[in-house]
Amino acid sequence: MIPGKYRTNPGRITPSNFELRLTKDSSFHNRLLQHDIEKNYSSRQGDGRVISPSPRNKPSFVPTTTNMTDLCGLELKTGANSLSAFGDSSIQTPTKSRVRQGCHSAGPNVSGDHVYLGSSSMPSFPVLHRSSEEKILYSDRLTLERQKLTVCPVIDGEEHLRLLNFQHNFITRIQNISNLQSLIFLDLYDNQIEEISGLSTLRSLRVLLLGKNRIKKISNLDNLKSLDVLDLHGNQISKIENVSHLCDLRVLNLARNFLNDVDDLNGLSSLTELNLRHNQITSVRDVDNLPCLQRLFLSYNNISCFEDILCLADSTSLSDITLDGNPIAQESWYKHTILQHMMQLRQLDMKRITEEERRMASIVARKEEEKKRESHKQTLIKEKKRLTICNVARKWDMQQNRVTSGPSSSQDGKDSDVPSQDTCQLNGSGACVYPEEPGSLDPVLSTALQGLAVIENHLVEVDGDTLFLYGSGALESLDRNWSVQTAGLVTTVSFTFIEFDEIVQVLPKLKIKFPNSLHLKFKETNLVMLQQFNALAQLRRIDQLTIDPQGNPVVNFTLWKYYVLFRLSHFSMQKINGTEVTQNDMIMAERLFGILAHVASSELPQYRLLSLLGEVRKKQFRYLLEGKGKKSGVVSEENNENKRLGGENTNRATLNYTTRDFYTEKLEEIKEKKKFCKTYIHDLVKEAAEINMKNESLQKLWPQMFIELVRDAVIEIRNKNSYMKLCLQRITDTK
Amino acid sequence: MLSPDRLALPDYEYLAQRHVLTYMEDAVSQLLENREDISQYGIARFFTEYFNSVCQGTHILFREFSFIQATPHNRASFLRAFWRCFRTVGKNGDLLTMKEYHCLLQLLCPDFPLELTQKAARIVLMDDAMDCLMSFSDFLFAFQIQFYYSEFLESVAAIYQDLLTGKNPNTVIVPTSSSGQHRQRPSLNETSALEGVEASLFYQYLENLCDRHKYSCPPPPLVKEVLSNVQRLTFYGFLVALSKHHGINQALGALPDKGDLMHDPAMDEELERLVVRSRLHRTSQKHRSHQAVAFGFRRSDKLEALESLPSASSTQMPYSCRWESRE
């Protein structure tokens with residue numbers, strides 16, 4: 001009882017000095033505890049029962065291993081090195097039996113020599129008597145561990161008892177101790193108690209150990225106002241309740257219970273350590289109401305997201321947390337998120353947090369923040385994109401409507417329903433692909449979106465190796481100065497909501513700006529005729545072609561694929577609409593359209609060929625014509641060059657496509673010329689006809705005229721003399 | 001050889017009637033258009049080529065529709081070109097829609113009007129089944145009638161309508177009894193036995209029409225033959241009969257008989273060669289440059305084609321033009 005007596009042995013801790021320190025100087029107590037722990041652990045005896053009443057230096061006993069770890073958690077958390085106490089239970093398995101054996105053989109209190117359990121006056125309860133010598137030696141403590149007690153014995157004449165130990169018995173009910181009013185320490189570890197009861201008179205009780213019992217509910221602690229340590233580990237408690245009055249409680253161990261969540265922790269104003277390991281806790285709240293909480297053990301629970309333990313971040317006192325064995329600890333963001341949110345933390349999962357880690361965490365957090373901002377921006381951009389595409393789609397539909405309703409109005413009324421229906425369908429499909437989802441946006445985003453009031457009529461986007469173009473305005477982007485890298489990267493070009501005729505006009509630009517584009521995609525581009533594919537022949541190379549049936553009626557034709565293969569055979573395409581092109585396809589295409597090409601090339605007059613071929617081809621063609629005269633074996637470099645450049649079969653080159661606008665323009669021009677030619681030919685023919693008529697009339701008159709002329713001449717020269725005279729006269733006259 | 005009726009008309013009218021003016025105008029207009037190219041090899045050469053191609057019927061390839069339909073010869077040439085180029089499609093057995101046939105037509109004539117194709121399809125298909133698939137030969141023969149005789153058919157349609165509604169068609173004097181006797185319900189889709197008009201009466205009007213029609217029309221005896229087989233007939237029934245009539249096809253001269261429609265050995269041979277070439281081309285991309293020579297435009301091909309053609313053009317085309325000078 002006199003502290004000084006025990007302090008002579010510094011290596012040993014005794015209940016008395018423990019108790020003393022508890023009351024007087026908690027910091028000293030801590031130090032002491034720590035000291036003790038260090039001692040115990042440095043010797044690797046793995047035992048946390050420092051408050052054992054054993055006078056021996058060696059730990060006197062070890063509870064069953066699994067529970068041991070939890071109890072250790074309760075009592076050893078002060079030391080930085082206590083993490084080993086949380087070590088795997090398997091580590092301690094060997095020690096368990098060994099030490100327990102020791103316990104049995106060497107424990108001073110186990111043998112019946114010192115304790116006599118006689119039957120009391122009451123029939124059911126044994127009465128405990130101690131020898132006076134024993135009483136003197138351990139006047140303030142009584143240890144009744146492993147006595148196979150099924151009930152609490154009646155303890156007479158021991159009112160001054162301060163420490164009572166009933167470990168490892170079979171007690172089902174706490175009884176017969178209400179007279180021990182000076183009791184400070186009560187250990188009922190490993191019994192079969194089902195309810196907390198019979199403690200209401202023990203007002204000075206400070207340490208109550210009820211681990212490994214069958215308690216279902218925390219109750220009847222109302223009078224234990226000075227309780228300092230409460231150990232309820234290994235019970236069946238499913239709720240933390242009836243503890244709000246324990247304002248002096250510093251340590252609460254609820255490990256291995258059935259707790260599902262932590263809530264309502266008001267009033268535990270001194271709690272510094274809370275052990276909740278091995279429960280099924282999914283969420284923790286109210287921890288920020290514990291002003292002194294320093295250590296919180298949540299290992300092996302069911303916490304899966306940071307939001308469920310967000311209150312931890314609000315606690316200013318927490319310095320040590322364990323969360324290992326929770327789903328959350330598997331997450332990649334786990335450590336830095338925790339560190340980021342709990343700057344006050346010194347230990348996480350039994351590991352001291354270094355400055356480096358903290359720095360890393362803040363860096364990661366900053367990155368995260370940036371990422372978030374970026375993703376926000378991305379979402380914004382995406383939303384803008386969606387809106388733009390919607391807008392483009394609407395415009396396109398309107399345009400298509402106009403185009404389709406134009407001719408229909410000239411047709412009979414019956415047909416006029418059809419285009420509108422089509423448009424509806426178009427609209428419907430548009431809505432399908434780009435559904436309106438205003439609700440899904442967070443408010444920040446939608447406010448930001450209002451800034452986008454001016455929605456663009458087109459969209460250009462490079463995503464990986466794909467260039468997306470929406471709306472005809474997007475074609476202007478081909479004039480832009482694309483970086484060499486971007487341009488080189490783009491292998492797929494996708495056109496959506498653009499008239500094919502408009503695309504045709506920019507194909508030469510596309511060829512120059514994106515030389516690597518191998519895959520063309522068309523969707524809603526109004527591809528209606530086979531001949532439109534002719535336009536693609538001018539590109540450098542196409543490996544793949546994807547024509548979406550949406551808005552491209554040409555895909556409904558059975559022959560379109562073959563025509564594409566035929567016309568673009570010089571590209572040796574790999575895939576059309578995702579389907580591999582086979583040799584048979586190529587042959588089929590050739591069989592179907594080969595004659596067309598043959599006719600086109602071999603039967604056109606030369607001047608027409610020349611006019612149909614483009615400028616570049618013309619050169620090549622002329623070269624071929626000239627080269628024909630030469631020996632066929634001599635193939636000059638230039639020819640090869642030309643061939644490679646063109647690549648295209650000349651007999652196909654005549655099959656080209658002029659856009660509708662161009663064509664009407666051309667027709668207009670032809671009309672003009674025709675008009676001129678008509679008048680010209682008209683005049684010419686008329687003149688010729690007149691000449692011819694005159695000629696014919698002359699021909700008709702000529703024989704008669706000739707006869708007349710001859711007759712006149714004959715008459716004139718009939719009189720020879722007079723004629724001679726006349727002639728002479730004429731000669732003289734002229735002279 | 002000079003045609004005897006040449007003398008019956010003044011020169012200018014004669015030339016116009018024989019469409020010589022059309023070709024002369026077109027030749028000059030082509031000359032204007034391709035001035036630069038032509039100047040390199042001479043105007044005489046150009047005119048030779050031009051009129052040669054007119055004779056061969058290749059002058060209509062890829063030309064504008066207004067020119068293609070300008071003369072019967074052009075129309076026949078176009079029909080023949082269409083047949084020659086897309087015979088393989090029919091041979092392959094593909095059934096196509098009206099739209100797809102239209103696309104094929106547009107490959108040869110970019111501004112070919114949809115209306116004509118639709119009308120041709122209507123001969124083959126019922127009104128409510130315009131999206132159905134047609135065989136190549138059905139379409140081709142229907143298209144031939146519709147395209148070649150389009151003006152004639154329009155007049156026929158008008159006469160038919162008038163007959164159907166009981167009006168006196170145009171101002172033609174009807175020698176037979178009053179038309180009231182033949183009054184029909186105007187609805188065309190009536191499926192009674194009395195559908196359509198009486199064939200003999202119809203023929204009288206048509207004969208009359210043929211006489212004064214300035215456009216080409218089928219030979220009246222053949223029309224009579226078509227109409228003599230039946231008592232009554234509808235307009236489309238008439239068109240179908242026309243399109244299926246062997247003699248009319250022969251008289252028109254652009255296409256072979258139905259039985260021989262898929263038969264064109266010269267072209268088949270050419271095609272085989274092309275296919276082999278394309279196979280080679282595809283399998284040996286490395287030797288592209290060598291292949292290219294074989295692929296290039298070959299004048300000899302053209303000569304072969306030339307040799308094979310004159311017989312067809314001179315014997316089969318009723319309006320084949322003769323270019324002999326008058327002296």
Side-chain angles (χ1 to χ4, degrees), chain A residues 529-531 553-554 556-559 569 572 583 586-588 590-612 621 624-625 628 632 635 639-640 643-644 647 649-651 654-655 658 663 667 670 673-674 677-678 680-682 685-686 689 692-693, chain B residues 10-12 15 21 24-26 28-30 32-34 37-38 41 46 49-50 52-53 56 58-59 61-62 64 81 84-89 92 94 96-97 99-100 103-104 106-107 110-111 267 270-271 274-275 278-279 281-282 285 288-290 292-293 295-299 301-302 305:
Chain A
M529 296 179 289
L530 296 178
Q531 64 188 114
V554 78
N556 298 327
F557 295 162
T558 43
L559 294 175
S569 66
S572 304
Q583 171 92 27
M586 293 300 290
I587 289 170
M588 190 65 199
E590 193 64 38
R591 278 200 188 285
L592 285 175
F593 295 103
I595 286 181
L596 175 67
H598 175 72
V599 166
S601 63
S602 65
E603 298 188 1
L604 273 179
Q606 195 179 337
Y607 71 94
R608 292 266 300 142
L609 263 178
L610 287 177
S611 76
L612 282 171
F621 174 66
L624 273 170
L625 279 186
K628 208 141 282 156
S632 57
V635 185
N639 194 9
N640 283 340
K643 268 293 156 195
R644 228 170 287 134
N649 301 343
T650 322
N651 67 356
T654 43
L655 299 170
T658 38
Y663 198 76
L667 285 182
I670 287 172
K673 266 182 198 146
K674 256 209 169 124
C677 291
K678 204 176 170 97
Y680 177 70
I681 292 292
H682 178 83
V685 169
K686 227 173 187 158
N692 185 43
M693 201 181 66
Chain B
D11 297 331
Y12 188 81
L15 290 175
L21 291 182
M24 285 167 76
E25 280 162 23
D26 188 59
V28 174
S29 130
Q30 290 289 309
L32 276 178
E33 203 168 329
N34 306 298
D37 294 328
I38 289 163
Y41 62 89
F46 161 72
E49 275 197 9
Y50 180 83
N52 264 339
S53 78
Q56 287 166 31
T58 56
H59 60 304
L61 290 171
F62 313 115
E64 62 276 7
R84 271 156 52 90
C85 289
F86 300 113
R87 180 179 55 91
T88 43
V89 173
N92 193 37
D94 285 329
L96 306 179
T97 59
K99 283 208 170 111
E100 201 155 4
C103 257
L104 295 183
Q106 280 190 321
L107 285 176
D111 62 340
M267 272 299 165
E270 188 59 44
L271 183 63
L274 285 169
V275 167
S278 95
R279 198 173 295 172
H281 178 67
R282 191 161 165 81
Q285 291 286 320
R288 200 177 235 195
S289 56
H290 291 284
V293 176
F295 264 100
F297 176 81
R298 299 199 317 183
R299 211 69 194 172
D301 292 348
K302 187 174 176 181

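Throughout, protein chains are lettered first and strands after them, A, B, ... in sequence-line order, and every chain is numbered starting at 1. Predicted model only: the values in this text are computed from it and were never measured. Every heavy atom of this structure was used, including side-chain atoms; hydrogens, water molecules and symmetry mates were not.
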Looking at A:Tyr663 and B:Glu64, what are the two nearest heavy atoms and their distance? OH-CA, 3.6 Å
Measure A:Leu530 against the heavy atoms of chain B and call it side chain, backbone, both or neither at under 4.5 Å. both
Option that, when pairs with chain A are counted at under 4.5 Å, heavy atom only, ranks first among B:Leu104, B:Asp26, B:Leu15, B:Asp111: B:Asp111
Identify which part of B:Glu33 has an atom lying under 4.5 Å from any heavy atom of chain A, answering side chain, backbone, both or neither. both
Do you know the tightest heavy-atom contact between A:Glu590 and B:Leu271? O-CD1, 3.4 Å
Identify the heavy atoms of A:Leu559 and B:Glu100 that sit nearest to each other, and give their distance. N-OE2, 2.7 Å
At what distance, to the nearest 0.5 angstrom, does CE of B:Met24 lie from CD1 of A:Ile681? 4.5 Å
Heavy-atom pair with the smallest gap, counting every atom of B:Leu274 and A:Gly594: CD1-O, 3.4 Å
How about B:Pro110 and A:Gln531: do any of their side-chain heavy atoms sit closer than 4.5 Å? yes
Please report the interatomic distance NZ(B:Lys99) to CE(A:Met529), rounded to the nearest 0.5 Å. 12.5 Å
State, with a plain yes or no, whether a side-chain heavy atom of A:Leu596 is found less than 4.5 Å away from one of B:Phe86. yes
Hey, is the main chain of A:Cys677 close enough, under 3.5 Å, to the side chain of B:Ser29 for a donor-acceptor pair? no
Smallest heavy-atom separation, B:Arg84 atom then A:Ile595 atom, equals O-CG2, 3.2 Å
Please rank B:Thr97, B:Val275, B:Leu21, B:Leu96 by heavy-atom pairs under 4.5 Å with chain A and give me the top one. B:Val275
Name the member of A:Lys686, A:His682, A:Met693 that forms the most heavy-atom pairs with chain B at distances under 4.5 Å. A:His682
I'd like to know whether NZ of A:Lys678 has more than 12 heavy-atom contacts from other residues, nucleotides or ligands below 6.0 angstrom. no
